[in-house]
Amino acid sequence: METALQIMFAPFVACLTLVGIHGYFGIHVLKREIIFIDIAMAQIAALGGTLHLLFEPDVTVEHGIVAYTQEAYLIYIFSFAFVAVAALLFTFLKSEKLHVPLEALIGITFAVATTGAVIFIDKAAGGDVHVHEMLVGSILWVKWSQILKSFVVYSLIGVFHYWFRDKFLPISEDYNKAKQQGIKVKLWDFLFYLTLGIVVMHSVRIGGILVVFAFLIIPASISVLFTKKWSTRIIIAWFCGTIVTMLGLVFSWKMDVPSGPAVILFLGVFLLLALVVKSFGVVKPGTE
Amino acid sequence: MVENLIFLAAPITACVLLAGILGYFGNHILSRGIIFIDIALAQIVALGTMIGLLFGFAEGSVAVQIVSLIFTLIIVIFFALTKFEKQLIPQEAIIGIIYGLGLGIATLFAEYIPRGSNYISKTITGNILWCTWDEIIYAFLLFVVIGIVHIFLGKNFIKITDANDKFPFSPQKVRIMEIIFYVTFGIVVFKAVPIAGIFLVFILLIAPTSIATIFTNKWKYRFIWSWIIGIILSVGGMLISYQLDISNGPAIVCLMGISVFILAFAKIIFGKKKVLEKVTD
């Protein structure tokens with residue numbers, strides 16, 4: 001049991017940091033209906049990481065994305081630059097002139113980034129691309145240094161979002177109304193996408209896209225069933241996330257199954273429970 | 001040049017065929033805002049295949065395909081029933097949850113199937129270059145049947161897609177129409193992804209209609225323009241990929257995607273702001 005605790009402690013703490021930041025961002029993402037932004041951002045960061053091969057051709061590409069998970073500053077800078085460009089892109093593509101939902105353009109960005117990486121790797125390294133590796137990740141082997149670094153980044157971004165909550169929240173609630181109130185929507189939208197992109201860059205290294213995606217969408221989906229109030233929603237999301245992480249990791253240890261999918265599965269179970277609770281009317285929907 | 005054309009005849013025909021059926025469905029998918037539905041469905045198809053293998057059926061057998069199709073249709077019908085007049089969780093989020101859970105469970109199952117992880121990503125890598133005429137003819141007949149269903153019921157589907165908060169028909173009728181819509185769409189994805197791969201299907205679904213929608217909001221013109229744009233860009237991408245010797249799927253995806261961005265920015269910069277009334281045509 002002692003070894004179990006030793007091995008599982010780091011993944012547990014890692015999951016909690018993920019729950020912390022994504023429980024909050026999930027509510028934004030759900031309100032804005034840009035569900036797949038995190039997968040798109042991760043893929044864009046990966047494309048940036050892949051393109052850095054142009055400058056360091058010696059690095060071997062095993063999974064097409066391996067380069068991205070290595071601790072190298074050049075890769076980080078490339079990924080960051082791509083995320084920043086994508087943030088700009090999404091900011092300006094949200095236009096009432098288009099009649100095309102932003103989610104569609106995010107999807108197209110995702111497809112272009114993924115297949116672009118495929119073309120590039122085909123040409124450069126002749127390797128095979130396993131999107132799968134990046135999707136699932138392995139939270140079990142997370143290092144404390146990674147957790148600490150991410151925690152610092154998430155905290156800074158969290159404080160930033162809390163400080164300017166009177167900007168970020170109204171825009172996600174109602175873009176046009178926020179604009180009428182005189183908020184500089186373009187600027188704050190850009191900062192929103194940029195901070196989310198930075199969070200995703202770090203999270204994917206820890207947990208893999210899929211776990212991050214689940215932490216983003218499912219707790220926020222559970223909380224929307226019960227209330228509309230931001231603070232309550234965040235607390236519900238954090239509460240569910242923490243319980244699910246514990247259950248998922250214990251389950252994965254006992255049954256000897258991968259921890260990421262186990263956590264996702266329990267998130268699904270929790271959502272189902274929440275729907276049951278909701279449909280039996282145990283809790284009245286919030287009217288705040 | 002002539003032998004090139006003969007070599008590319010089958011893939012180009014397949015592209016035109018897929019651009020036709022996916023361009024049609026894409027308009028509904030875009031207007032409903034359920035962009036990632038085909039990626040989630042492809043994942044469910046893969047999971048269904050794994051379930052078939054776990055039942056002990058042979059790889060590639062008809063039995064496995066049937067199990068996979070049945071499983072996919074169950075999930076599709078479940079999804080069709082998640083549309084409500086007052087939508088608390090957006091349907092796109094439900095798609096995300098289905099995708100996440102599907103992939104998560106597939107990863108767990110992969111432990112119990114020899115070379116299991118292959119199946120998870122198998123759907124990602126279809127290659128339209130190697131499609132056969134048999135496949136194309138079979139897909140064509142299937143799409144014709146689905147097309148006929150949509151010719152008869154298309155007006156109803158459009159009314160449901162256009163409705164925002166209020167159902168245009170009685171709840172029962174909406175449910176039945178939704179089930180027919182998503183089951184036919186599920187079958188198309190089930191058939192199209194093994195031929196073309198997940199990203200090509202995705203882009204054929206979303207990009208042509210996005211371009212069309214940038215410039216018009218009338219259903220009739222959106223359909224026609226999606227078909228024209230889808231066919232031109234996919235054939236163009238195919239020829240470019242052949243000339244530059246890059247993979248054809250990714251080439252088409254990038255060409256279409258970048259076209260959307262260029263035209264979207266052109267519209268934002270040069271387009272006049274005007275109030276568009278909602279028109280059903």
Side-chain angles (χ1 to χ4, degrees), chain A residues 29-31 33-36 39 89 92-93 95-101 103-119 122-123 129-132 135-136 210-211 213-214 216-218 220-222 224-225 256-258 260-265 267-268 271 275 278 285, chain B residues 29-31 33-36 39 88-90 92-97 99-101 103-108 110-111 117 120-121 124-125 198-200 202-203 206-207 209-211 213-214 216-217 245-247 249-254 256-258 260-261 264-265 267-268 271-274 276:
Chain A
V29 165
L30 216 62
K31 273 200 189 294
E33 292 204 27
I34 46 170
I35 311 295
F36 282 80
I39 293 186
L89 205 64
F92 284 101
L93 281 174
S95 162
E96 51 211 6
K97 286 184 192 167
L98 281 186
H99 309 287
V100 176
E103 174 86 346
L105 300 163
I106 290 171
I108 291 168
T109 314
F110 165 66
V112 170
T114 311
T115 52
V118 172
I119 291 178
D122 259 4
K123 282 278 174 199
V129 181
H130 292 287
V131 184
H132 170 65
L135 279 177
V136 179
L210 195 59
V211 172
F213 181 61
L216 194 67
I217 302 302
I218 300 181
S221 296
I222 293 174
V224 76
L225 294 172
D256 191 26
V257 292
V263 169
I264 295 168
L265 212 62
L267 277 170
L271 177 64
L275 284 169
K278 165 89 179 168
Chain B
I29 302 300
L30 191 79
S31 290
I34 46 172
I35 312 297
F36 279 78
I39 290 186
L88 272 180
I89 305 178
E92 177 81 347
I94 296 169
I95 289 171
I97 294 163
Y99 171 69
L101 287 176
L103 188 49
I105 294 169
T107 315
L108 287 179
E111 307 267 301
S117 59
I120 299 174
S121 47
I124 293 171
T125 53
I198 196 168
F199 285 108
L200 187 52
F202 178 77
I203 207 83
I206 302 300
T209 174
S210 293
I211 295 177
T213 308
I214 288 172
T216 175
N217 67 342
D245 188 28
I246 48 181
S247 327
I252 300 173
V253 173
C254 287
M256 283 197 173
I258 291 165
V260 173
F261 289 132
F265 276 110
K267 173 80 176 181
I268 289 173
K272 287 197 196 75
K273 199 169 161 182
K274 57 177 176 179
L276 284 164

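First the proteins, then the strands, lettered A, B, ... as listed; each starts at 1.
Nearest heavy-atom pair, B/T213 versus A/H99, reported as atom, atom and distance to 0.1 Å: CG2-O, 3.5 Å. For B/A207 against A/I108, the heavy-atom pair with the smallest separation is CA-CD1, 4.2 Å. Considering every non-hydrogen atom in both A/L210 and B/G104, the closest pair reads CD2-N, 3.8 Å.
B/I95 places none of its side-chain heavy atoms less than 4.5 Å from the side chain of A/I35. A heavy-atom distance below 4.5 Å is not found between the side chains of B/I35 and A/F36. The side-chain heavy atoms of B/I105 and A/P261, taken from C-beta on, include no pair separated by under 4.5 Å.
For B/L101, the side chain to side chain contact (heavy atoms under 4.5 Å, CB included) partners are A/I264, B/I97, not counting sequence neighbours.
Neither the backbone nor the side chain of A/A214 comes within contact range of chain B, judged by heavy atoms closer than 4.5 Å. The part of A/L271 that comes within reach of chain B is its side chain, from C-beta onward, which places non-hydrogen atoms under 4.5 angstrom from that chain. Heavy atoms closer than 4.5 Å to chain A are found in both the backbone and the side chain of B/V253. With a 4.5 Å cut-off on non-hydrogen atoms, A/E33 touches chain B through its side chain but not through its backbone.
Separation of atoms OG1 (A/T115) and CZ (B/F202) is listed at 10.5 Å; rounding is to 0.5 Å. Remark: A/I106 CD1 to B/I206 CD1 distance equals 12.5 Å, nearest 0.5 Å. Between the CD1 atom of B/I89 and the CG atom of A/L275 there is a distance of 5.5 Å, given to the nearest 0.5 Å.
In terms of heavy-atom pairs under 4.5 angstrom with chain B, the leader among A/V29, A/L267, A/L93 is A/L93. Of the listed residues (B/A93, B/G257, B/G33), the one with the most heavy-atom contacts under 4.5 Å to chain A is B/A93. Between chain A and the options B/I29, B/I39, B/L108, B/I94, the largest number of non-hydrogen pairs under 4.5 Å is found for B/L108. The greatest number of non-hydrogen atom pairs below 4.5 Å with chain B, out of A/L105, A/V257, A/V263, A/V112, is found for A/V112.
Using cut-offs of 30° and 60° for the angle between ring planes, the A/F110 and B/F36 rings count as tilted.
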